[in-house]
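Just below is one structure, and these are the notes that go with it.
Residue numbering restarts at 1 for every chain, and letters A, B, ... go by the order of the sequence lines. Computation of the quantities below employed the complete heavy-atom set of this structure, encompassing side-chain atoms and omitting hydrogens, waters and symmetry-equivalent molecules. All figures in this text were calculated on a predicted structure; none of them were measured in a lab.
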There are 2 protein chains.
Amino acid sequence: MTSDAGTLRNTHQRRAVSSLLGSVEGFHSAQELHSMLRDRGERVGLTTVYRTLQSLADAGEIDVMRPPGGEHLYRRCSQGHHHHLVCRSCGSTVEVEGPAVENWADRVAEKHGFTDVSHTLEIFGTCQGCCRS
Amino acid sequence: MTSDAGTLRNTHQRRAVSSLLGSVEGFHSAQELHSMLRDRGERVGLTTVYRTLQSLADAGEIDVMRPPGGEHLYRRCSQGHHHHLVCRSCGSTVEVEGPAVENWADRVAEKHGFTDVSHTLEIFGTCQGCCRS
DNA sequence: GCGTTTTTGACAATCAATTTCATTGTCGGC
DNA sequence: GCCGACAATGAAATTGATTGTCAAAAACGC
């Protein structure tokens, strides 16, 4: 669609994964996405799901989250750099931005002589709905 | 609800792991620590190393880092909440603090109605030494 | 010492993720 | 439209860190 690495071919599996990611809310594991594809009647191998997710992540089209003690979760997110506020209980997520944090991280890294800087940041908590129950 | 530290027994394996962590620099995986113990002549099972590291982490005595695509790394860190600036190439780490970030994370979470908030933050980059080579 | 309770550790099990490799599908060129 | 090179696929096998099992050993209180 958008990204074209030159050697990438346009297969129905790739389109299926990409399209699925566009139509679901929240984060899902590769295995969940694989099941969803099966439920939709698409036959896409689990291997291909992993590979496609990886290439999409490399291309920056999806976000990967690594929750403590769980499998990798993937989600199509709004473009641009942002972070996630995640409910420990129900898994619902909110995208948050913190320009100040970005700057701080870059400044700190630079101060210590580090270059080519990136960072990961996730906020975990219990959301209102889950807190009540 | 919290771990009952009153029933913990003082075994030589527990002491060996704890002592080892006090004498090594940087982050190490459970398997590395297990090898080091063997080199030291201590006989401690890998299972026990994992269990001990887990309980130490639960007690807040060591920090756990989960680098992308790697195993869990453990390190005895200075007390108190802090984050890490990690070199992608050589793995060297710098402890950094960012009170402003802590506050920001808490505020953002609170604003969205989240309670019991925690967060993870790691900064990755290439350190001066590795940048040159 | 003695009995109780925790801890240990060799091995098996788990499970996400990756690799393998023969087969299939794409796509540019004709 | 057809061909052929080559990327892509996918089922099964593999990997590798981590966890579970459970009998035996160690620590602690008395």
Subject >> Atom-to-atom span, CZ of A/Arg43 to C1' of C/dG25 - whole angstrom >> reply: 12 Å
Original post:
Looking for any heavy atom pair under 4.0 Å, which part of the strands does A/Thr11 touch: base, sugar-phosphate only, or nothing?
Top reply: sugar-phosphate
Original post:
A/Glu42 CD to C/dG25 P: how many Å, rounded?
Top reply: 15 Å
Original post:
Is any side-chain nitrogen or oxygen of A/His12 closer than 4.0 Å to OP1 or OP2 of C/dG25?
Top reply: no
Original post:
With nearest nucleotides of DNA chain D determined for A/Gly45 and B/Leu46 from heavy-atom distances, which residue corresponds to the more 5′ nucleotide?
Top reply: A/Gly45
**OP:** Return the value, rounded to whole Å, for the distance between atom CG of B/Leu33 and atom P of D/dT18.
**Re:** 11 Å
Subject >> Whole angstrom value for the distance that separates P of D/dG16 from CD of B/Glu32 >> reply: 15 Å
Subject >> Upstream residue (5' side of DNA chain D) when B/Tyr74 and B/Arg15 are each assigned their closest nucleotide >> reply: B/Tyr74
Subject >> Spacing of A/His72 atom NE2 relative to C/dC15 atom C1', expressed in whole Å >> reply: 13 Å
Subject >> Donor-acceptor pair under 3.5 Å, A/Thr47 side chain vs D/dA11 base >> reply: yes
Original post:
Does A/Gln13 place a side-chain N or O at less than 4.0 Å from the phosphate oxygens OP1/OP2 of D/dA8?
Top reply: no
**OP:** Give a yes/no on whether any side-chain N or O of A/Gln54 is located under 4.0 angstrom from OP1 or OP2 of C/dT18.
**Re:** yes
Original post:
Once you round it to whole Å, what is the distance between C1' of C/dT6 and CZ of B/Arg14?
Top reply: 9 Å
Original post:
Hey, does the side chain of A/Gln31 come within less than 4.0 Å of C/dA16's phosphate (OP1/OP2), counting only N and O?
Top reply: yes
Subject >> Any donor-acceptor pair under 3.5 Å from A/His82 side chain to A/Glu95 backbone >> reply: no
**OP:** Measure the distance from OH on B/Tyr50 to P on C/dA13 and round it to the nearest whole Å.
**Re:** 19 Å
Subject >> Trace of the side chain to side chain donor-acceptor pair (under 3.5 Å) decision for B/Arg75 with B/Thr93 >> reply: CA-CA 10 Å; B/Arg75 181 191 188 185; B/Thr93 60; 2.7 Å; yes
Subject >> Shortest side-chain distance from A/Glu71, nucleotide among C/dT5, C/dA17, C/dC11 >> reply: C/dA17
Original post:
How are the rings of A/His119 and A/His83 set to each other: parallel, tilted or perpendicular (split at 30° and 60°)?
Top reply: tilted
Subject >> Among D/dA5, C/dT7, C/dG9, the nucleotide that comes nearest once only the side chain of A/Arg9 is considered >> reply: D/dA5
Subject >> Sole residue of B/Val44, B/Leu56, B/Leu8 in side-chain contact (heavy atoms from CB on, under 4.5 Å) with B/Arg14 >> reply: B/Leu8
Original post:
Per the atom types in the model, does the base of D/dG20 pair as donor or acceptor with the side chain of B/Arg51 at under 3.5 Å?
Top reply: no
Subject >> Interatomic distance, B/Arg66 CZ vs C/dA16 P [rounded to whole Å] >> reply: 14 Å
**OP:** Please answer whether the main-chain N or O of B/Pro67 pairs with a side-chain N or O of A/Arg66 as donor and acceptor at a distance below 3.5 Å.
**Re:** yes
